[in-house]
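Because the structure is a prediction, the values reported are computed rather than measured. Within every chain, numbering begins at 1; the chains are lettered A, B, ... in the order of the sequence lines, protein sequences first and strands thereafter.
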2 protein chains.
Amino acid sequence: MRAAKQPFRDQISLSSVLYALSDPVRVDLVRNISDAGEQSCNECGIEMPKSSLSHHFKVLRESGLISTRIEGTRHINSVRSADLNARFPGLLNAILKAARAEGREPQIFGVQKMR
Amino acid sequence: MRAAKQPFRDQISLSSVLYALSDPVRVDLVRNISDAGEQSCNECGIEMPKSSLSHHFKVLRESGLISTRIEGTRHINSVRSADLNARFPGLLNAILKAARAEGREPQIFGVQKMR
DNA sequence: TAAGATGTTCGATAGTTCTCGAACGATTCA
DNA sequence: TGAATCGTTCGAGAACTATCGAACATCTTA
């Protein structure tokens, strides 16, 4: 119903974006959503309690990385590529490319947190 | 004397890099060092207690963003551009460019932290 | 050797963040 | 209406981070 709280394009801050993506779980989420075009929280392929996942989605949303559209009972997420590319040209691609270059497969079978 | 603890090129992790740069103070530091080529902790232009500054330099060092060479009593920092570009091509430039695009001038007159 | 300069390390405090179960809300479907 | 689905929010505990003064270490120079 009420639109998820997210910044306008001009309010997206570099710090928040970098911070949001500094978590392996979240960068995987963005990577998956980006590859799939759109994705519900459910089919993100990352196994973890709902509340934890919801937390990560919230961070991504509030940082301006994703937007969420509600469709029935599902929340469909998409990467705000246009906004991000407008605000920080090349940044998102560089990060996603780096994530792939790092060789770590997107996480699917549970958590693997380290920092 | 003892070399500052820092990761080898292949051990630089995306998460650490993004996390390190998710702090406005640290991204300014990297920006300044990058512009200047090299810089001691002293002349970084950011006013803040020595211990705080040292903490930020440590984070940058441990994430692989900078390396520190000791010369007399001064610790001279430089950005590990070659290593970073080899490991994550285009990433550092994209971030520095984004930092400039954000319009926030590098911090000089004291702290201005917000996140 | 003593004093000064430059940074690091330690210890403490305050604020954040992550994680996860439990409760809640909204929507769909029988 | 009742049950199921899909997510969010709440609350609490553990872990981490930033900040900063004080103490320490190292090198230089008087």
For residues A/Cys44 and A/Leu53, report the shortest heavy-atom separation together with the two atoms involved.
-> SG-CD2, 3.8 Å
Where the side chain of B/Arg74 is defined as all heavy atoms beyond and including C-beta, which of D/dT8, C/dT6, C/dC20 is the nearest nucleotide?
-> C/dT6
B/His56 NE2 to D/dT17 C1', in whole Å, measures 10 Å
Nearest-angstrom distance from the residue atom CD1 of A/Ile70 to P of C/dA26 = 11 Å
Do A/Ser54 side-chain and D/dG7 base share a donor-acceptor contact under 3.5 Å?
-> no
Interatomic distance where CZ belongs to B/Arg69 and C1' belongs to D/dC27 [whole Å] = 16 Å
Given C/dC18, is OP1 or OP2 found less than 4.0 Å from the side-chain N or O atoms of A/Tyr19?
-> yes
Calculate the interatomic distance between B/Ile66 atom CD1 and C/dT8 atom C1'; express it in whole Å.
-> 13 Å
Does B/Arg26 reach the main-chain N or O of B/Phe57 with its side chain, forming a donor-acceptor pair under 3.5 Å?
-> no
In whole angstrom, give the distance that lies between atom CD of A/Glu43 and atom P of D/dC6.
-> 10 Å
A/His55 side-chain N/O to D/dT9 phosphate OP1/OP2 under 4.0 Å | no
Indicate whether any N or O donor in one side chain lies under 3.5 Å from an N or O acceptor in the other, for B/Thr68 and B/Arg61.
-> yes
Rounding to a whole Å, what distance do you find between A/Ile46:CD1 and C/dT19:P?
-> 11 Å
Listing time: all N or O pairs from protein to nucleotides 1-4 of chain D that are below 3.5 Å?
none

Phosphate OP1/OP2 of D/dC20 contacted by B/Ser52 side-chain N/O (<4.0 Å) | yes
In terms of the nearest nucleotide of DNA chain C, which residue is placed more toward the 5' end: A/Gly72 or A/Lys50?
-> A/Lys50
Would you say C/dT8 has OP1 or OP2 under 4.0 Å from some side-chain N or O of B/Arg61?
-> yes
Toward the 5' end of DNA chain D, by each residue's nearest nucleotide, B/Glu71 or A/Cys41 | A/Cys41
May I have the distance from B/Asn42 (atom CG) to D/dT26 (atom P), rounded to whole angstrom?
-> 20 Å
Would you mind reading off the distance between B/Leu29 atom CG and C/dG7 atom C1', rounded to a whole angstrom?
-> 14 Å
Is B/Ile95 reachable from A/Ile12 through a run of I, L, V, M, F, W or Y residues, each pair having side-chain heavy atoms under 4.5 Å apart?
-> yes
CG of A/Asp83 to CZ of A/Arg87, rounded to nearest 0.5 Å, is 10.5 Å
Dump the intermediate steps for side-chain contact (heavy atoms from CB on, under 4.5 Å) on B/Leu96 and B/Ser34, then the final yes or no.
-> CA-CA 9 Å; B/Leu96 291 180; B/Ser34 172; 3.8 Å; yes
May I ask you to evaluate whether A/Ser40 reaches the phosphate of D/dC6, defined as a side-chain N or O under 4.0 Å from OP1 or OP2?
-> no
Between B/Ser51 and B/Ser54, does any side-chain donor sit less than 3.5 Å from a side-chain acceptor?
-> no
